[in-house]
Protein chains: 2
Amino acid sequence: MAGASDPLLSLEHFMPYRLNRAAETVSRRFAAIYRRHSGLTRPEWRALATLGQYGCLTATDIGRHSAMHKTKVSRAVQALEDRRWLKRQTDSEDRRVEHLTLTALGQKNYRALAQLALDFERRLRETLGPELFDQLNAGLEAFEEA
Amino acid sequence: MAGASDPLLSLEHFMPYRLNRAAETVSRRFAAIYRRHSGLTRPEWRALATLGQYGCLTATDIGRHSAMHKTKVSRAVQALEDRRWLKRQTDSEDRRVEHLTLTALGQKNYRALAQLALDFERRLRETLGPELFDQLNAGLEAFEEA
DNA sequence: AATGGATTGTTACGTTTGCAACAAATATAC
DNA sequence: GTATATTTGTTGCAAACGTAACAATCCATT
């Protein structure tokens with residue numbers, strides 16, 4: 001009888017599994033929100049949010065900040081450019097580099113989406129309860145440092 | 001000047017973003033381990049781990065437990081069957097249903113991989129420090145309940 | 001200034017993914 | 001008992017993905 005006579009590993013208590021499930025759930029719910037609002041994909045939202053926060057970055061910068069593969073960034077930037085939400089400006093000293101900034105339209109949409117994000121997080125905090133939310137945050141912060 | 005004059009949203013402190021980064025990092029590192037060990041993909045590992053823990057499940061069960069799309073499950077099961085790591089047995093009463101169990105070979109490999117998983121988690125706990133690790137776990141548990 | 005090596009961003013290609021349609025079997029309603 | 005709906009698992013297809021190769025540019029060593 002093949003079986004779970006003595007399961008060596010309990011997935012439900014396995015940290016990578018837990019992290020993934022939580023991240024997936026949160027990410028998918030939030031993605032549904034901004035997808036409905038403006039039809040952005042996840043890479044596009046990430047690029048927009050990074051640019052909105054930092055103002056002017058190169059594609060490489062965006063990749064570093066948002067931990068996205070450079071081809072993902074390249075395609076997201078292209079999509080945002082097609083929407084006229086950002087503009088490129090080649091560096092005058094290093095012509096490989098393109099400086100990316102949000103257009104007025106892009107900023108307007110960024111503000112709306114950032115507000116959605118904050119609302120979402122606030123609801124998440126309420127659902128979880130402030131103590132546990134902060135606890136989770138502290139754990140994640142520790143993780144980032146290590 | 002387009003800019004981050006007053007960034008509405010700090011991605012680094014945004015919970016969904018944090019969760020994703022942590023999950024991605026952990027998941028990728030662990031995936032590298034079992035990929036090197038036995039060449040399993042992530043869906044295949046998940047199906048194997050779920051079966052190893054619960055003994056005998058249907059494809060739908062695996063999907064529910066591991067939060068995978070049913071096509072992903074279908075393909076992972078196929079791959080594991082090709083390796084002779086699991087066998088199917090159609091239910092005698094409901095012939096749509098297939099009961100999946102690990103073969104002896106599958107169980108052997110499951111045990112080895114489960115051990116890798118436990119080792120990985122132990123190292124993770126050491127890296128993070130037990131207090132923060134447990135804190136993170138508590139936060140994730142709360143999340144699962146909500 | 002010239003050759004070799006790095007870096008920036010895009011493109012080509014094979015793989016993986018999820019949605020939708022599907023066949024097969026069962027359950028439900030009339 | 002037949003028709004309709006639901007469930008289980010697979011497959012076709014188009015979109016998204018990452019690896020690798022690439023062109024363009026810059027830097028370093030000579």
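Proteins get letters first, then strands, A, B, ... in listed order; numbering begins at 1 in each.
- The pair Arg122(B)-Glu126(B) meets the salt-bridge criterion, since a charged nitrogen lies less than 4.0 angstrom from a carboxylate oxygen.
- Summarising the geometry, the separation between CG on Leu100(A) and C1' on dT10(C) is reported as 14 Å, rounded to the nearest angstrom.
- Between Ser74(B) and dG9(D) there is no side-chain polar atom (N or O) within less than 4.0 angstrom of OP1 or OP2.
- Ion pairing between Arg125(A) and Asp134(A) holds under the 4.0 Å rule for side-chain N and carboxylate O.
- Which of dT26(C), dT25(D), dT10(D) sits closest to the side chain of Arg88(B) comes down to dT10(D).
- Applying the ring-ring contact (aromatic ring centres under 6.0 Å, His included) rule to pairs touching residues 12-35 of chain B yields Phe14(A)-Phe30(B), Phe30(A)-Phe14(B), Phe30(B)-Tyr34(B), Phe30(B)-Trp45(B), Phe30(B)-Phe120(B), Tyr34(B)-Trp45(B), sequence neighbours excluded.
- The backbone N or O of Lys70(B) sits nowhere less than 3.5 Å from a side-chain atom of Ser74(B) that would complete a donor-acceptor pair.
- Looking only at distances, no side-chain donor or acceptor of Thr50(A) sits under 3.5 Å from a matching main-chain atom of Ile62(A).
- Rotation axes derived from the C1' atoms of the five outermost pairs at either end of the helix from dA1(C)-dT30(D) to dC30(C)-dG1(D) lie 20° apart, to the nearest 10°.
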Between the protein and nucleotides 15-19 of chain C, are there any N/O to N/O pairs under 3.5 Å, and if so, what are the atom names and distances?
residue, atom, partner, partner atom, Å
dG18(C), N7, Arg75(B), NH1, 3.3
dG18(C), O6, Arg75(B), NH2, 3.0
dC19(C), OP2, His69(B), NE2, 3.3

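- Contact annotation for Glu44(A): no contact, since no heavy-atom pair falls under 4.0 Å across all strands.
- The interatomic distance linking Glu93(A) (CD) with dT8(C) (C1') rounds to 16 Å, in whole Å.
- Between the side chain of Glu121(A) and the backbone N or O of Met15(B), at least one donor-acceptor pair lies under 3.5 Å.
- A heavy atom closer than 4.0 Å to some atom of DNA chain C occurs in no member of residues 25-34 of chain A.
- Distance CG (Asp91(A)) to C1' (dT7(C)): 13 Å, rounded to an integer number of Å.
- Each ring-ring contact (aromatic ring centres under 6.0 Å, His included) pair with one or both residues in residues 68-101 of chain B, not counting sequence neighbours, would appear here, but there are none.
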Please write out each protein N/O paired with an N/O of nucleotides 3-8 of chain D under 3.5 Å, distance rounded to 0.1 Å.
residue, atom, partner, partner atom, Å
dT7(D), O2, Arg96(B), NH1, 2.6

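- At a threshold of 4.5 Å between non-hydrogen side-chain atoms, the residues Leu113(A) and Ile33(A) do not count as touching.
- Checking Gln115(A) against Asp119(A) by side-chain atom types alone, a donor-acceptor pair falls below 3.5 Å.
- Without hydrogens or angle criteria, Gln53(B) side chain to Leu11(A) main chain gives a donor-acceptor distance under 3.5 Å.
- dT10(D) atom C1' lies 17 Å from atom CZ of Arg95(B), rounded to whole Å.
- Ion pair Glu144(B)/Arg18(A) flagged as a salt bridge, since at least one NZ, NE, NH1 or NH2 atom sits closer than 4.0 Å to an Asp/Glu carboxylate oxygen.
- In this structure, the side chain of Thr103(A) engages the main chain of Arg84(A) through a donor-acceptor pair within 3.5 Å.
- A salt bridge links Glu81(A) with Arg88(A): at least one charged nitrogen is closer than 4.0 Å to a carboxylate oxygen.
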